[in-house]
Every structure is written in structure tokens, then in C-alpha cells.
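Model, not experiment: these values are computed from the prediction.
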Amino acid sequence: MEHEAPAIFVALEASGFALAIRQSKWLYPLANVGHIVALVFFAGAVTVMDIRLLGGFAATAPGRLLVRARNFAIAAFAGMAVTGAMLFAAEASHLAVNPVFQIKFVLIGIGLANIAIYEFGIKRTVVGLSPDAPMPVSAKIAGALSLCIWVAVAACGRSIAYAG
């Protein structure tokens, strides 16, 4: 990389925590596999929610389906955060200046903002709908944006190794 990382990221990478992850025969590989497994669960839950918001699975009332899938998504996101933090710590000084990694984090922020807009606004128009009721346009927009954003996040995650 042509840019030097801020001192906080250099210090994180030099910490005992990051050193243990890099030197362990098992920690880094387990974090890597754990991140991918959590991603699969997250992607599955988000896809179910977004397809329902787009009007799919119409025979099922959206409230119950969305709540169940949301619980899986939250647990998977927490797993990705923990394993991602481990992976980041091990290579913090390189990742902090990686433009694809930076884009990934901006997209995650946008994805979380989309979730907040849904949760604090759109959700109340959706949860009480009966099966086969048409989805509000705002719910369809939230679902379409969500699919696009999270696919872009995953694409960035896979592309990090090739940037720089």
C-alpha cells in the first residue's frame, strides 16, 4: 500500500490479541471459516426478508416471517462482527488503508441505515399485513436496496485481497 495506516491501526495489529490470532495454528482459520458461515446465515435470512418485502412468499403473513428471519440475521451479523474483528485485528494496518475495505465499511453503514429506516418507519406498515396483501412501495424499495447493498458488501469482502 502506498499510504501508511494511522497509528491506532498499527498499534492494534501489534497488540497481543492480534499477535495471538496471527501466530495461532487455529484462531485465524477458525475466524475465517466462522466469518463465512455467519455470512451464509446472514445472507439467507436477509434474502428471505427482502424477498418477502418485495412481495414474494405472499401466502405467508409478513410479520411473523420477518421477525423470525430478523432474529437469524441479527445473530449472524453478531457472528460476522466478532469474527470480522478478529480478522481485522490480525491485519489492521493493511486493511485500514485498503480502498475496497473502506468501501465495504461505508456500504455496511448504508445497509444498517436502511435497516434503521425500515425498523423505525416502514415496519409498522408491514407487520400487520395479512397474507396476499400487497406490500407498500416503501417496503419494496427497502427490500430492493437491502439486497443490492448486502450483495455489494459481500463482493467487496471477497475483493479485499485483490485491491491495493
Side-chain angles (χ1 to χ4, degrees), residues 1-54 56-57 64-120 122-123 139 141-164:
M1 297 276 154
E2 60 188 55
H3 302 293
E4 188 172 320
I8 191 167
F9 298 114
V10 174
L12 175 59
E13 188 173 320
S15 70
F17 174 69
L19 185 64
I21 293 167
R22 281 193 310 277
Q23 290 182 344
S24 170
K25 183 177 182 179
W26 298 105
L27 284 178
Y28 191 89
L30 283 174
N32 200 1
V33 170
H35 200 66
I36 293 167
V37 169
L39 171 64
V40 169
F41 281 102
F42 181 76
V46 166
T47 301
V48 167
M49 289 188 294
D50 292 342
I51 288 172
R52 185 62 189 104
L53 290 176
L54 288 166
F57 307 129
R64 188 170 174 197
L65 176 71
L66 293 172
V67 167
R68 285 186 173 181
R70 178 180 175 266
N71 291 338
F72 277 98
I74 290 169
F77 189 85
M80 286 190 303
V82 169
T83 56
M86 292 174 67
L87 296 170
F88 178 77
E91 301 181 69
S93 67
H94 302 292
L95 291 173
V97 296
N98 183 309
V100 176
F101 184 80
Q102 293 168 352
I103 292 168
K104 177 183 176 181
F105 257 73
V106 168
L107 288 169
I108 290 170
I110 293 168
L112 293 174
N114 187 51
I115 291 168
I117 291 166
Y118 170 80
E119 286 290 326
F120 298 113
I122 301 166
K123 180 180 178 179
I141 291 169
L145 284 173
S146 176
L147 276 175
C148 293
I149 292 164
W150 295 115
V151 166
V153 168
C156 285
R158 293 304 314 141
S159 300
I160 289 170
Y162 308 104

Among Ile108, Leu39, Ile103, find the one that has a side-chain contact (heavy atoms from CB on, under 4.5 Å) with Val153.
Ile108

Begin from the C-alpha positions of Phe72 and Val48 and carry the test side chain to side chain contact (heavy atoms under 4.5 Å, CB included) through to its verdict.
CA-CA 11 Å; Phe72 277 98; Val48 167; over 6 Å; no

Nearest heavy atoms of [X] and [Y], plus distance in Å:
{"X": "Ala5", "Y": "Val10", "result": "O-CG2, 3.9 Å"}
{"X": "Leu54", "Y": "Ala144", "result": "CD2-N, 3.8 Å"}
{"X": "Ala45", "Y": "Ala73", "result": "CB-N, 3.6 Å"}
{"X": "Val100", "Y": "Cys156", "result": "CG1-O, 3.3 Å"}
{"X": "Gln102", "Y": "Val97", "result": "NE2-CA, 3.6 Å"}
{"X": "Asp50", "Y": "Leu147", "result": "OD2-N, 3.2 Å"}

Test log, rule side chain to side chain contact (heavy atoms under 4.5 Å, CB included), inputs Tyr28 and Glu91
CA-CA 11 Å; Tyr28 191 89; Glu91 301 181 69; 2.8 Å; yes

Would you compute the distance between atom [atom1] of [X] and atom [atom2] of [Y] and round it to the nearest 0.5 angstrom?
{"X": "His35", "Y": "Leu87", "atom1": "NE2", "atom2": "CG", "value": "6.0 Å"}
{"X": "Ser159", "Y": "Asn98", "atom1": "OG", "atom2": "CG", "value": "9.5 Å"}
{"X": "Leu27", "Y": "Asn32", "atom1": "CG", "atom2": "CG", "value": "12.5 Å"}
{"X": "Asn114", "Y": "Trp150", "atom1": "CG", "atom2": "CH2", "value": "9.0 Å"}

Would one find more than 12 heavy atoms of other residues, nucleotides or ligands at under 6.0 Å from atom CZ of Phe17?
yes

Does atom CD1 of Ile8 have more than 12 heavy-atom neighbours from other groups under 6.0 Å away?
no

Can you check whether Ala142's main-chain N or O pairs, donor with acceptor, with Ser146's side chain at less than 3.5 Å?
no

When you compare the side chain of Ile110 with that of Leu145, does any pair of heavy atoms fall below 4.5 Å?
no

Test salt bridge (Lys or Arg N to Asp or Glu O under 4.0 Å) applied to Lys123 - qualifying residues, sequence neighbours left out
Glu119

Non-neighbouring partners of Phe77 that pass ring pair (Phe, Tyr, Trp, His ring centres under 6.0 Å), sequence neighbours left out:
Phe42

Would you sort out whether Leu12 and Phe88 count as a side chain to side chain contact (heavy atoms under 4.5 Å, CB included), showing the intermediate values?
CA-CA 9 Å; Leu12 175 59; Phe88 178 77; 3.6 Å; yes

What residues form a side-chain contact (heavy atoms from CB on, under 4.5 Å) with Arg22, not counting sequence neighbours?
Glu13, Ala18, Leu19, Ala90

